[in-house]
Amino acid sequence: MWRRPCQAERLRVIAWSCDCGAVVYELCHAGGQAFVRRTHHFNGARMVHETYRWPIRKGDDVWKALLCGQAR
């Protein structure tokens, strides 16, 4: 489900998880589609991955499921 992020893309971060941990999730919208971005912070470095793109309504549903622990 996770893949490398797209480069040089205009996007809007709509919602995000708490940044107090080593992993932060963001719900992003770009070009009429939604996706989730995951950022791992460790040893001063960061690793970013994104999900596939969905229509905005489906992406919002995936985001809610992720926050409720029903998606990984």
Side-chain angles (χ1 to χ4, degrees):
M1 176 167 155
W2 298 103
R3 58 191 205 169
R4 291 182 188 168
C6 293
Q7 298 295 323
E9 176 182 38
R10 290 182 52 179
L11 63 91
R12 177 171 289 165
V13 177
I14 304 299
W16 52 91
S17 66
C18 178
D19 63 356
C20 59
V23 181
V24 177
Y25 295 95
E26 299 171 315
L27 172 63
C28 302
H29 289 181
Q33 297 180 315
F35 59 97
V36 176
R37 178 186 288 164
R38 177 183 70 186
T39 305
H40 286 266
H41 297 276
F42 56 94
N43 295 332
R46 70 180 201 151
M47 183 179 294
V48 180
H49 290 96
E50 296 176 353
T51 62
Y52 292 102
R53 308 300 172 102
W54 299 287
I56 289 178
R57 174 172 262 152
K58 171 70 174 168
D60 291 349
D61 290 343
V62 170
W63 174 252
K64 290 173 191 171
L66 178 70
L67 293 181
C68 292
Q70 299 172 349
R72 350 180 204 169

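These numbers come from the heavy atoms of this one structure, side chains and all, not from hydrogens, waters or symmetry mates.
- The shortest non-hydrogen separation linking R10 to A30 is O-CB, 3.4 Å.
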Q.
Show, in sequence, the C-alpha distance, side-chain angles and deciding distance for Y25 and L66, and conclude whether the side chain to side chain contact (heavy atoms under 4.5 Å, CB included) test is met.
A. CA-CA 9 Å; Y25 295 95; L66 178 70; 3.7 Å; yes

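- With contacts defined as side-chain heavy-atom distances shorter than 4.5 Å, the pair T39/M47 does not qualify.
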Q. After noting the C-alpha distance and the side-chain angles of V62 and D60, does the key distance pass the side chain to side chain contact (heavy atoms under 4.5 Å, CB included) rule?
A. CA-CA 5 Å; V62 170; D60 291 349; over 6 Å; no

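- In this structure T51 satisfies the side-chain contact (heavy atoms from CB on, under 4.5 Å) test together with M1, W2, F35, V36, W54, sequence neighbours excluded.
- Residues L27 and G59 approach most closely at CD1-O, 4.0 Å, considering heavy atoms.
- Residues W63 and S17 come closest through the heavy atom pair CH2-N, 4.0 Å.
- Residues forming a side-chain contact (heavy atoms from CB on, under 4.5 Å) with D19 (at least two apart in sequence, or on another chain): V24.
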Q: Please assess H29 against L11 for the test side chain to side chain contact (heavy atoms under 4.5 Å, CB included), listing each intermediate value before the final yes or no.
A: CA-CA 6 Å; H29 289 181; L11 63 91; over 6 Å; no

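- Note: E26 CD to R12 CZ = 14.0 Å, rounded to the nearest 0.5 Å.
- To the nearest 0.5 angstrom, R38 atom CZ is 6.0 Å from H49 atom NE2.
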